[in-house]
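Structure first, commentary second.
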Amino acid sequence: MSFNQNVAAIDVGTSKIVAIVGKKDELGRIKVLGYGEAPSKGVAHGSVQDVADAASAIRDAVRQCQQMSGIQFRQVFVGISGQNIRTATSAHSKYIANNVITQDDVDQLTQEVYGLSMEPGEEIIHVIPQSYTVDNGNVGLSPVGFPGKKLVGNFFVVFGNATSSRIIKQAVLNANLSIV
């Protein structure tokens, strides 16, 4: 996400659906420019039960948000409720052939995490790096360029109910939005 880029998000909750839009400043903070809220329809216990009703409520919240902000958007981040997700931490390592960590090494290590075994009906929603070490020395979140033979990444992994995730995605798509 670059500086001065608009960012929009949708939260599909049991009691209300919220749309929010903001702009990222030079310090990486988001300044909220608009907000919209609609009573939740078609949602129970954080899960979409009726796609058409949920899409209608999403459109209502987005319309309010766009009117308040004067910003039209189609791409949104979407929140998934707590009962439909679980989290875990995972450490993965990779030996480095050329003795200098590259972005490809970091990307390959991250992709390995997506291969974790899951419960039936789950999918991995996010893999978030927490820290890296190179040859047992902590290098924070930026290991690229460090010399070393072994890269270890510690990751925060978010698993979600695949069916619930697909249904929320469909409601968002039916509201004429796309998911970032």
Side-chain angles (χ1 to χ4, degrees), residues 1-14 18-33 43 45-48 73-173 177-180:
M1 184 180 348
S2 65
F3 166 63
N4 264 348
Q5 179 179 357
N6 293 329
V7 180
I10 305 290
D11 181 53
V12 179
T14 301
V18 174
I20 192 166
V21 66
K23 188 174 290 265
K24 185 177 179 182
D25 70 14
E26 64 277 359
L27 298 176
R29 298 174 299 199
I30 304 291
K31 179 182 179 187
V32 174
L33 302 173
V43 181
H45 307 293
S47 295
V48 174
F73 57 85
R74 287 189 31 85
Q75 292 188 320
V76 295
F77 289 89
V78 178
I80 297 177
S81 74
Q83 83 174 29
N84 292 311
I85 63 169
R86 74 176 176 90
T87 62
T89 56
S90 182
H92 286 265
S93 62
K94 174 180 181 19
Y95 286 97
I96 307 304
N98 63 3
N99 294 326
V100 176
I101 310 300
T102 66
Q103 186 62 51
D104 283 344
D105 294 323
V106 174
D107 293 345
Q108 288 172 7
L109 188 63
T110 303
Q111 278 307 118
E112 287 180 17
V113 180
Y114 281 93
L116 286 173
S117 60
M118 296 171 263
E119 300 292 326
E122 281 187 328
E123 64 183 359
I124 294 178
I125 297 173
H126 290 295
V127 172
I128 304 165
Q130 298 296 291
S131 67
Y132 293 98
T133 59
V134 176
D135 293 343
N136 296 320
N138 191 334
V139 296
L141 288 172
S142 302
V144 174
F146 277 85
K149 296 180 184 207
K150 184 178 181 185
L151 172 65
V152 178
N154 295 300
F155 300 91
F156 184 74
V157 185
V158 181
F159 299 88
N161 178 291
T163 301
S164 293
S165 185
R166 274 194 309 272
I167 294 170
I168 288 172
K169 287 176 187 175
Q170 190 60 54
V172 172
L173 293 173
L177 299 168
S178 63
I179 298 172
V180 176

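Basis for what follows: all heavy atoms, side chains included, without hydrogens, waters or symmetry-related copies.
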Starting at [atom1] of [X], measure out to [atom2] of [Y] and round the result to the nearest 0.5 Å.
X    : Y    : atom1 : atom2 : answer
L116 : I124 : CG    : CD1   : 5.0 Å
F159 : T87  : CZ    : OG1   : 9.0 Å
K24  : Q5   : NZ    : CD    : 8.0 Å
T133 : N154 : OG1   : CG    : 6.5 Å
F73  : L33  : CZ    : CG    : 11.0 Å
I96  : I101 : CD1   : CD1   : 3.5 Å

Show the nearest heavy-atom pair for residues [X] and [Y], with the distance to one decimal.
X    : Y    : result
P147 : V134 : O-CG1, 3.3 Å
V106 : P143 : CG2-CG, 3.5 Å
V43  : G13  : CG1-O, 3.5 Å
I10  : A19  : CD1-CB, 3.7 Å
Y132 : L109 : CE2-CD2, 4.1 Å
L141 : P129 : CD2-O, 3.6 Å

I'd like to check the side-chain contact (heavy atoms from CB on, under 4.5 Å) partners of I167; sequence neighbours left out, ordered by chain and number.
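Scan of I167 (side-chain contact (heavy atoms from CB on, under 4.5 Å), adjacent residues dropped) gives V48, V51, T163.
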Once side-chain contact (heavy atoms from CB on, under 4.5 Å) is applied, do any residues pair with V180, and if so which ones, sequence neighbours excluded?
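Partners of V180 under the side-chain contact (heavy atoms from CB on, under 4.5 Å) test: Q75, F77.
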By salt bridge (Lys or Arg N to Asp or Glu O under 4.0 Å), which residues pair with R74, not counting sequence neighbours?
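Expected list: none.
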Taking C-beta and beyond as the side chain, do Q108 and L151 meet within less than 4.5 Å on heavy atoms?
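Sidechains of L151 and Q108: no contact.
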Non-hydrogen side-chain atoms of V78 and K169 separated by less than 4.5 Å
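No, their side chains stay 4.5 Å or more apart.
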Provide the full list of side chain to side chain donor-acceptor pair (under 3.5 Å) pairs with a residue in residues 119-128, sequence neighbours left out, each pair given once.
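The answer is R86-E122, E123-S165.
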Residues, nucleotides or ligands: over 12 heavy atoms within 6.0 Å of N99 CG:
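Yes, CG of N99 has more than 12 neighbouring heavy atoms, counting only those of other groups under 6.0 Å.
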Show every salt bridge (Lys or Arg N to Asp or Glu O under 4.0 Å) that has at least one partner inside residues 92-104, sequence neighbours left out.
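Salt bridge (Lys or Arg N to Asp or Glu O under 4.0 Å) check on residues 92-104 returns K94-D105.
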Selection residues 132-159 - residue pairs positive for salt bridge (Lys or Arg N to Asp or Glu O under 4.0 Å), sequence neighbours left out
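Checked against salt bridge (Lys or Arg N to Asp or Glu O under 4.0 Å) - neighbours excluded - no pair reaches residues 132-159.
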